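The block underneath contains the structure these notes are about, expressed in C-alpha cells.
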Amino acid sequence: MESIFNTWQWYIVGPLIGLFVPLLLIAGNKLLGISSSFFHICSIALNTKKFSAFGYNADTNRWKFYFVIGIMIGAFIAENFLSSGTISYLPESYYSFGGLVLLLLGGFLVGFGTRYANGCTSGHSIAGISTFQLSGLAATVSFFAGGLIYTYFILPFLT
Amino acid sequence: MQNIKYILFGIPFGILLTKAEVISWFRIHDMFLFNEAHMYLIITSAIVTGALSFLAIRFFKIRSLDKKEIVIEQKALNKGTVIGGTLFGIGWAITGACPGPIFAQIGAGESAAVVTLAGAVIGAYTYAVNKSKLPH
C-alpha cells in the first residue's frame with residue numbers, strides 16, 4: 001500500500017487514461033479533449049455572445065470547462081492526500097521575472113498552437129489516434145517536432 | 001447543468017496525470033531528450049487502450065447512456081494541424097505542460113502555472129481573432 005504514495009507506473013496510468021475515451025463517449029457522446037477549455041474561459045471573460053462571433057460554440061464545449069475544474073481538484077487531492085512528500089513540477093528558475101515571462105510565452109504558444117491545430121495531446125494524440133484519425137497522427141508528429149526544436153536548438157542557448 | 005457531472009470525470013483524470021508526473025516539466029524534458037520511456041509508454045498504452053475500446057464500441061454497437069448512436073467528431077487535417085501543432089510543441093517543452101497538465105499544475109500547488117494558463121488563454125484568444133487571416 002506504500003506504493004500508492006509514490007509515482008504511479010505507466011502500465012497503471014496509461015491504460016486508465018485511455019479508458020477516458022470510451023468513458024466520455026458512452027457518458028455523453030463526448031470526444032476527450034481539453035484545449036477548447038481555453039476558448040471557454042475566453043467566452044466567460046468576454047461574454048458568450050461576443051466570443052461566439054469568432055465561431056466558438058459554448059454549448060458543445062461547456063463540459064470541458066467542468067472537466068478541467070475536476071482536473072484541478074484531482075491534482076490537489078493527488079498532491080495533498082496521495083503523496084508522501086511534496087514534488088516540484090516546475091524548475092525553481094521559473095519563479096523569477098525572466099522565468100515567468102518565459103512561462104507566459106510558453107503558455108501563449110500552448111493556447112495559440114492547440115487552437116490552431118484544433119487539439120492537444122488529449123484530443124489529437126490520444127482521442128484522435130485511437131479513433132483512427134490521420135489528423136491525430138500528423139498533429140502528434142508536429143507536437144514532437146516543436147518540442148525537439150525547443151529542447152535541442154533553443155533551450156541550450158537560454159541557460 | 002448536465003455538464004457539471006464532468007467535474008467527476010476530471011477528478012480521477014487529474015489524479016492520474018499528477019500521480020504519474022505527466023504534469024512535471026522534468027518528465028517532459030526527459031521525454032524530449034529520450035532519457036526515459038515513461039511518457040512514451042503512458043501515451044502509447046493510452047492510445048492502445050482507447051483504440052481497443054473504440055473498436056469494441058463499434059463492434060458491439062454500444063450506445064451512449066442517452067441511447068444515442070456514438071458519433072466521433074472528425075478533425076480535419078490541414079496546415080493548421082502542422083503549424084499549430086509545432087507551435088504547441090514548443091510551448092509544451094517550455095512550460096512542461098500540455099493543456100490538461102496546466103490545470104493540474106495549478107491544482108498541485110505550482111502557482112507559476114497560473115501565468116502559463118494566462119498565456120494560454122491570451123494565445124487562444126489571439127488565434128480566435130486572427131483565425132481568418134491564418135493559413136489552414
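Here is the naming used below: chain letters follow the sequence lines, and residue numbers restart at 1 for every chain. Source: prediction; values computed, not measured.
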Between chain B and each of [options], count heavy-atom pairs under 4.5 Å; write down the option with the most.
options: A:Ala27, A:Ala127, A:Ser35, A:Ser37; answer: A:Ala27
options: A:Ile69, A:Leu100, A:Leu105; answer: A:Leu100
options: A:Gly119, A:Ala145, A:Pro91; answer: A:Pro91

Answer with side chain, backbone, both or neither: which region of [X] has an atom nearer than 4.5 Å to a non-hydrogen atom of chain B?
X: A:Phe144; result: both
X: A:Ser43; result: neither
X: A:Tyr11; result: neither
X: A:Ile77; result: side chain
X: A:Leu46; result: side chain
X: A:Ile149; result: side chain
X: A:Leu158; result: neither

[X] versus chain A, heavy atoms under 4.5 Å apart: side chain, backbone, both or neither?
X: B:Leu55; result: side chain
X: B:Val129; result: both
X: B:Ala56; result: neither
X: B:Ile62; result: side chain
X: B:Leu134; result: both
X: B:Leu117; result: side chain
X: B:Ile47; result: both
X: B:Ser111; result: both
X: B:Phe88; result: both
X: B:Lys5; result: side chain
X: B:Leu52; result: neither

Roughly how far apart are [X] [atom1] and [Y] [atom2], rounded to 0.5 Å?
X: B:Leu87; Y: A:Phe108; atom1: CG; atom2: CZ; value: 9.0 Å
X: B:Trp25; Y: A:Leu103; atom1: CH2; atom2: CG; value: 10.5 Å
X: B:Ile106; Y: A:Ile71; atom1: CD1; atom2: CD1; value: 11.0 Å
X: B:Thr18; Y: A:Trp8; atom1: OG1; atom2: CH2; value: 9.5 Å
X: B:Thr86; Y: A:Leu109; atom1: OG1; atom2: CG; value: 11.0 Å
X: B:Leu17; Y: A:Ser122; atom1: CG; atom2: OG; value: 7.5 Å

Considering all heavy atoms of both residues, which atom of [X] and which atom of [Y] are nearest to each other, and what is their separation?
X: A:Gly106; Y: B:Thr95; answer: C-CG2, 3.5 Å
X: B:Ile90; Y: A:Gly146; answer: CG1-O, 3.4 Å
X: A:Ala117; Y: B:Gly85; answer: CB-N, 3.5 Å
X: B:Thr49; Y: A:Gly18; answer: CB-CA, 4.2 Å
X: A:Tyr116; Y: B:Pro135; answer: OH-O, 2.6 Å
X: A:His124; Y: B:Lys75; answer: CE1-CD, 3.6 Å

Taking every non-hydrogen pair under 4.5 Å, which of [options] racks up the most with chain A?
options: B:Ala76, B:Ala120, B:Ala51, B:Gly100; result: B:Ala120
options: B:Trp92, B:Tyr40, B:Phe34, B:Phe32; result: B:Phe32
options: B:Cys98, B:Ser132, B:Ala128; result: B:Ala128
options: B:Ser53, B:Ala108, B:Pro12; result: B:Ala108
options: B:Arg63, B:Met39, B:Gln74, B:Gln105; result: B:Gln74
options: B:Ala93, B:Ala118, B:Gly107, B:Ala97; result: B:Gly107

- [ ] Would you check if B:Phe13 and A:Ile34 make a side-chain contact, meaning some heavy-atom pair closer than 4.5 Å?
- [x] yes
TODO: Please examine the side chains of A:Phe112 and B:Ile122, heavy atoms only from C-beta on, and report whether any two atoms are closer than 4.5 Å.
DONE: no
Task: Pair A:Cys42-B:Val121, side-chain contact (heavy atoms from CB on, under 4.5 Å): steps then yes or no - done: CA-CA 7 Å; A:Cys42 293; B:Val121 173; 3.8 Å; yes
Open item on the list: A:Ser83: which residues meet the side chain to side chain donor-acceptor pair (under 3.5 Å) condition with it, sequence neighbours left out?
Closed with: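 Result, side chain to side chain donor-acceptor pair (under 3.5 Å) vs A:Ser83: B:Lys19.
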Task: Pairing residues for B:Glu36 by the side chain to side chain donor-acceptor pair (under 3.5 Å) criterion, not counting sequence neighbours - done: B:Arg27
Open item on the list: With side-chain contact (heavy atoms from CB on, under 4.5 Å) as the criterion, how do A:Leu25 and B:Ile72 come out once you've worked through the C-alpha distance, each side chain's angles and the decisive distance to 0.1 Å?
Closed with: CA-CA 8 Å; A:Leu25 283 171; B:Ile72 308 290; 3.7 Å; yes
- [ ] Compute the centroid of each ring, for A:Phe67 and then for B:Tyr6, and state whether the two points are separated by less than 6.0 Å.
- [x] no
- [ ] Tell me, with the steps shown, if B:Ile94 and A:Tyr94 meet side-chain contact (heavy atoms from CB on, under 4.5 Å).
- [x] CA-CA 10 Å; B:Ile94 294 176; A:Tyr94 276 131; 3.8 Å; yes
- [ ] Go through the structure and list residues passing side-chain contact (heavy atoms from CB on, under 4.5 Å) with A:Leu16, not counting sequence neighbours.
- [x] A:Ile12, A:Leu19, B:Leu16
- [ ] Measure from the side-chain N and O atoms of B:Lys68 to the backbone N and O of A:Asn29, and report whether any donor-acceptor pair falls under 3.5 Å.
- [x] no
- [ ] Give a yes or no on whether the backbone of B:Gly109 and the side-chain of A:Glu79 come within a donor-acceptor separation of less than 3.5 Å.
- [x]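 Side chain of A:Glu79 to backbone of B:Gly109, a donor-acceptor pair under 3.5 Å: no, none is there.
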TODO: May I have the step-by-step check of side-chain contact (heavy atoms from CB on, under 4.5 Å) for A:Asn118 and B:Thr81, ending in yes or no?
DONE: CA-CA 7 Å; A:Asn118 192 23; B:Thr81 319; over 6 Å; no
TODO: Establish, from distance only, whether the side-chain atoms of A:Tyr95 and B:Glu110 form a donor-acceptor pair under 3.5 Å.
DONE: yes
Task: Contacts with chain B made by residues 56-64 of chain A (heavy-atom distance under 4.5 Å), listed by residue number - done: A:Arg62, A:Trp63
